Amino acid sequence: MDIRFLIAQINGKPPEGFVRPAVLETGLPECRILKRCRNKVAIKRDGTPARACERCLARRAASCRRRRKALSAEGGCRRCAYRSRLEGDFLCARCREDRDAERAQKRQDAVDAAAIDEFAAKPDQAHNPSNLDCGISPWNRKKSRPEPSAGYWSPLPDPDPAEQGWRWSLMNGRLHHRY
């Protein structure tokens, strides 16, 4: 695969100089929204055919706008128009949270862009290396490994039979066997 096409696939845009194949008007299907509509379907921006013709798409968009306007006039949220507004507000709780999240993301993007611009505006400086650049720090110094004691190598003592009451069956006083 060509690297230009791979980059274009990642970006979601066609590469420079790419010509879309022509979609012929005769090969397009008919509009599927209304049974009586016999127009050919519209072509989307990316060149693929839509499901409806231009007139039906415009009519449906106008209908949605009218419905949303009527619902928001009846007390619905101005953003989604379906849920009821908060007291003394023009948005519902979900749309308010979404809007606050979008604003916070825009603020963070602006702060990040300002930091990048500030960094790019600085002249190139020679970096003064320190011990931390070499990986030397009081926290990652070479520590001696602990030596295992004699108790580590010695075998465990035999268990005390008095502490193994769980092995004796309460039913018949015999040793408990699994099988």
Side-chain angles (χ1 to χ4, degrees), residues 1-23 25 27-35 37 39-143 145:
M1 177 182 259
D2 189 14
I3 188 71
R4 293 182 313 128
F5 288 110
L6 185 65
I7 293 171
Q9 210 172 21
I10 292 170
N11 292 341
K13 290 186 255 181
E16 294 297 322
F18 179 74
V19 179
R20 291 195 183 281
V23 179
E25 285 289 321
L28 290 176
E30 290 184 353
C31 177
R32 296 186 210 162
I33 298 291
L34 293 175
K35 289 183 179 177
C37 183
N39 295 335
K40 299 290 182 189
V41 296
I43 298 173
K44 296 180 190 173
R45 287 184 188 150
D46 61 354
T48 59
R51 291 186 55 209
C53 67
E54 201 66 48
R55 281 185 67 193
C56 290
L57 289 174
R59 190 180 70 250
R60 177 175 276 185
S63 170
C64 288
R65 280 194 300 269
R66 281 194 306 270
R67 186 177 70 245
R68 288 168 60 88
K69 189 174 181 181
L71 287 172
S72 61
E74 293 172 2
C77 172
R78 278 205 206 154
R79 193 173 187 191
C80 68
Y82 295 107
R83 291 179 291 277
S84 60
R85 301 181 200 174
L86 290 173
E87 191 65 36
D89 200 356
F90 58 88
L91 293 178
C92 64
R94 187 190 289 178
C95 289
R96 175 158 292 284
E97 290 172 9
D98 291 348
R99 191 186 68 180
D100 292 346
E102 288 167 7
R103 285 183 175 176
Q105 185 63 45
K106 278 186 180 177
R107 275 195 295 273
Q108 188 60 46
D109 291 347
V111 168
D112 293 347
I116 291 170
D117 291 345
E118 181 182 343
F119 178 77
K122 287 182 183 175
D124 292 337
Q125 299 172 352
H127 178 66
N128 297 326
S130 69
N131 282 341
L132 293 174
D133 293 335
C134 303
I136 302 170
S137 154
W139 289 278
N140 67 1
R141 73 179 192 278
K142 192 77 170 168
K143 298 181 185 83
R145 289 180 168 245

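Residue numbers run from 1 in the order of the sequence given. Here the structure is a predicted model, which means the values were calculated and not measured.
Glu97 pairs by the salt bridge (Lys or Arg N to Asp or Glu O under 4.0 Å) definition with nothing, not counting sequence neighbours. Applying the side chain to side chain contact (heavy atoms under 4.5 Å, CB included) rule to Ala52 yields the partners Cys31, Ile33, Cys56, Leu57; only residues at least two apart in sequence or on another chain are considered. The side chain to side chain donor-acceptor pair (under 3.5 Å) test applied to Arg96 returns Asp89, not counting sequence neighbours. Scanning for side chain to side chain contact (heavy atoms under 4.5 Å, CB included) contacts around Lys44 gives Asp46, Thr48, Ala50, with sequence neighbours left out. Considering only residues two or more places apart in sequence or on other chains, Glu102 meets the salt bridge (Lys or Arg N to Asp or Glu O under 4.0 Å) condition with Arg79. Remark: Glu87 pairs with no residue by the side chain to side chain donor-acceptor pair (under 3.5 Å) rule, at least two apart or across chains.
Note on residues 105-117: pairs passing side-chain hydrogen bond (donor to acceptor under 3.5 Å, both in side chains), not counting sequence neighbours, are Gln105-Asp109, Gln108-Asp112. A salt bridge (charged side-chain N to carboxylate O under 4.0 Å, His left out) check over residues 49-67, counting only residues at least two apart or in different chains, returns nothing.
In this structure, Leu71 CG and Ser84 OG are separated by 12.0 Å, a value rounded to the nearest 0.5 Å. One finds the SG atom of Cys37 at 8.0 Å from the CD atom of Glu30 (value rounded to the nearest 0.5 Å).
Between Cys92 and Leu86, the shortest heavy-atom contact is C-CG, 4.1 Å. When all heavy atoms of Arg83 and Cys95 are compared, the closest pair comes out as NH2-SG, 3.8 Å.
A 4.5 Å side-chain heavy-atom check between Ser72 and Cys77 finds every atom pair outside the cut-off. Asp98 has its side chain out of reach of Leu91: every pair of non-hydrogen atoms, C-beta onward, lies at least 4.5 Å apart.
Put simply, the side chain of Arg85 gets close to the backbone of Gly76: a donor and an acceptor are under 3.5 Å apart.
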